Amino acid sequence: MAHYSIAAVYDRLYQHYGAQQWWPADSAFEVIVGAVLTQNTAWVNVERAIDNLKHAKALDARIILQTPIKRLAQWLKPSGYFNIKAKRLKHVCRWYVSHGAYATLRQWETGKLRESLLAVHGIGKETADAILLYAFDRPVFVIDAYTRRLLRRLGSIHGDESYNDLQRSIERGLARRRDKSRLFNEYHALIVRHAKHSCAAKPRCETCVLQRGCAKK
DNA sequence: GTCCAGGGTTCGT
DNA sequence: ACGAACCATGGA
């Protein structure tokens, strides 16, 4: 079977789908909120929850911290797991405010920022890396189930690597590219975009973007 | 009715 | 170190 390099897969995806313009948010803080709310949840439902926060003028770390957990959970209801996510949002906001918000955090070194995020209850590696990349513009590759599945089927990776190993492997595969933040930003967004692509024809949808003649978007 | 979505924690083995 | 149950809504 043919093996595609990590870089080649990106080129094909970009060629097929074009720039994805992620993350859909008006501010860095909104990215952070969205990153927590989208955990194992369809984005359309996250948008509803964020709209609730906006309509209540509560898309603000200090306001969320002052909001009773019960009311916060009601606003988050459309995004699912609302009781858990209400607590997680509070934890993230406490972290955000206590460290001086974006103005201070944006000056932190990436490794320190990542460790700090991972110490927040409710933020795992994927969410932390999504925040680093999409809220803080750091060159960190986000590993999710789609990434693993796609690159395994294309023979670009073995597939059973740990999160950190796979991340290093992919970042190494793109080491010669420049503008890493923009590249990783688009790559992850393209993988998510491609996961939604269903192609009835063979070969299967995970590989058809690499074939000529598939015009489906 | 079933499956799954832009995961993480907790608790068994 | 790895697996499974748990969290919960809404669209396909």
Side-chain angles (χ1 to χ4, degrees), chain A residues 9-10 13-14 17 19-53 69-95 114-138 140-152 158-167 170 181 183-200 204-206 209 216:
Chain A
V9 171
Y10 171 77
L13 288 172
Y14 189 88
Y17 296 107
Q20 299 301 299
Q21 310 284 337
W22 269 28
W23 185 290
D26 299 327
S27 67
F29 181 71
E30 187 177 332
V31 173
I32 294 171
V33 171
V36 171
L37 296 188
T38 198
Q39 291 170 351
N40 199 39
T41 302
W43 182 254
V44 59
N45 290 334
V46 176
E47 288 183 310
R48 293 195 171 103
I50 291 180
D51 282 345
N52 287 343
L53 292 174
I69 196 85
K70 192 100 173 179
R71 179 182 306 188
L72 184 56
Q74 285 302 111
W75 290 333
L76 303 185
K77 203 163 185 177
S79 70
Y81 307 119
F82 47 84
N83 290 317
I84 288 178
K85 286 176 178 176
K87 293 178 187 172
R88 291 183 181 175
L89 256 195
K90 288 255 190 185
H91 291 143
V92 175
C93 287
R94 195 168 301 119
W95 169 84
R114 188 172 197 263
E115 288 308 307
S116 183
L117 277 166
L118 288 174
V120 178
H121 193 90
I123 295 190
K125 289 171 183 174
E126 185 177 338
T127 303
D129 288 340
I131 291 172
L132 287 170
L133 179 61
Y134 292 105
F136 291 95
D137 199 32
R138 305 305 172 90
V140 175
F141 202 97
V142 180
I143 306 297
D144 62 357
Y146 294 148
T147 304
R148 202 178 283 277
R149 191 175 72 190
L150 177 67
L151 295 183
R152 172 165 40 82
H158 187 270
D160 59 352
E161 301 92 336
S162 68
Y163 185 101
N164 291 333
D165 285 347
L166 183 52
Q167 185 176 55
I170 291 176
S181 292
L183 175 66
F184 296 172
N185 179 322
E186 283 296 336
Y187 205 155
H188 177 67
L190 283 165
I191 288 172
V192 174
R193 172 66 188 82
H194 182 55
K196 298 175 181 172
H197 166 74
S198 62
C199 182
R204 297 176 56 80
C205 59
E206 280 76 12
V209 71
K216 297 184 75 173

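Only heavy atoms go into these numbers, but all of them, side chains included; no hydrogens, no water, no symmetry mates. As the structure is a prediction and not an experimental result, all values here were calculated from the model. Chain letters run A, B, ... following the sequence lines, proteins first, then strands; residues in each count from 1.
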Spacing between A/I50 atom CD1 and B/dG6 atom C1', to the nearest angstrom
12 Å

Output for pair (A/W75 CH2, A/L89 CG), nearest 0.5 Å, gives 11.0 Å

Specify the separation, in whole Å, of atom CD of A/Q20 and atom P of B/dG6.
13 Å

Plane angle bin for A/Y134 and A/H188 - parallel if under 30°, tilted between 30 and 60°, otherwise perpendicular
tilted

Taking A/Q167 for its side chain and A/F141 for its backbone only, find out whether a donor-acceptor pair lies under 3.5 Å.
yes

Separation of atom NE2 in A/H194 from atom P in B/dG6, rounded to whole Å
14 Å

Rounded to the nearest angstrom, tell me the gap between atom CG in A/L37 and atom P in B/dA5.
18 Å

Measure the shortest side-chain to side-chain distance between A/Y187 and A/V142 over non-hydrogen atoms and say whether it is less than 4.5 angstrom.
no

Just do the side-chain contact (heavy atoms from CB on, under 4.5 Å) check on A/I143 and A/D129 with the steps written out, would you?
CA-CA 8 Å; A/I143 306 297; A/D129 288 340; 5.8 Å; no

Is the backbone of A/G159 close enough, under 3.5 Å, to the side chain of A/E161 for a donor and an acceptor to pair up by distance?
yes

Can you give one letter per nucleotide of nucleotides 8-13 of chain B, going 5' to 3': B for a protein heavy atom under 4.0 Å from the base, S for sugar-phosphate only, - for none?
BSS---

Under 3.5 Å donor-acceptor, A/Q39 side chain and A/G122 backbone:
yes

When you compare B/dG6 with C/dC2, how far apart are their C1' atoms, in angstrom units rounded to a whole number?
25 Å

Any base atoms under 4.0 Å from A/D144, or only sugar-phosphate, or nothing? Heavy atoms, all strands.
nothing

Sorted by first residue and then second, give each salt bridge (Lys or Arg N to Asp or Glu O under 4.0 Å) pair with at least one member in residues 80-92 of chain A; sequence neighbours left out.
none

Counted 5' to 3', the first and last nucleotides of DNA chain C within 4.0 Å (strictly under) of a heavy-atom of chain A are C/dC7 to C/dG11

Integer angstrom distance from the P of C/dG10 to that of B/dG8:
23 Å

Output all residues satisfying side-chain hydrogen bond (donor to acceptor under 3.5 Å, both in side chains) with A/N164, sequence neighbours left out; order by chain, then residue number.
none

In whole angstrom, what separates A/R148's CZ from B/dG7's C1'?
13 Å

Residue whose nearest DNA chain C nucleotide is more 5′ - A/N40 or A/V44:
A/N40

Could you tell me the separation between the CD1 atom of A/I131 and the P atom of B/dG6, rounded to a whole number of Å?
17 Å

Could you list the residues that satisfy side-chain hydrogen bond (donor to acceptor under 3.5 Å, both in side chains) with A/N185, not counting sequence neighbours?
none

Just wondering, do A/N40 and A/Y81 contact through their side chains at under 4.5 Å, heavy atoms?
yes

Would you jot down, in residue-number order, the residues of residues 72-83 of chain A having a non-hydrogen atom under 4.0 Å from DNA chain C?
A/K77, A/P78, A/G80, A/Y81, A/F82, A/N83

Distance check needed: B/dC4 P versus A/Y146 OH, whole Å only.
11 Å

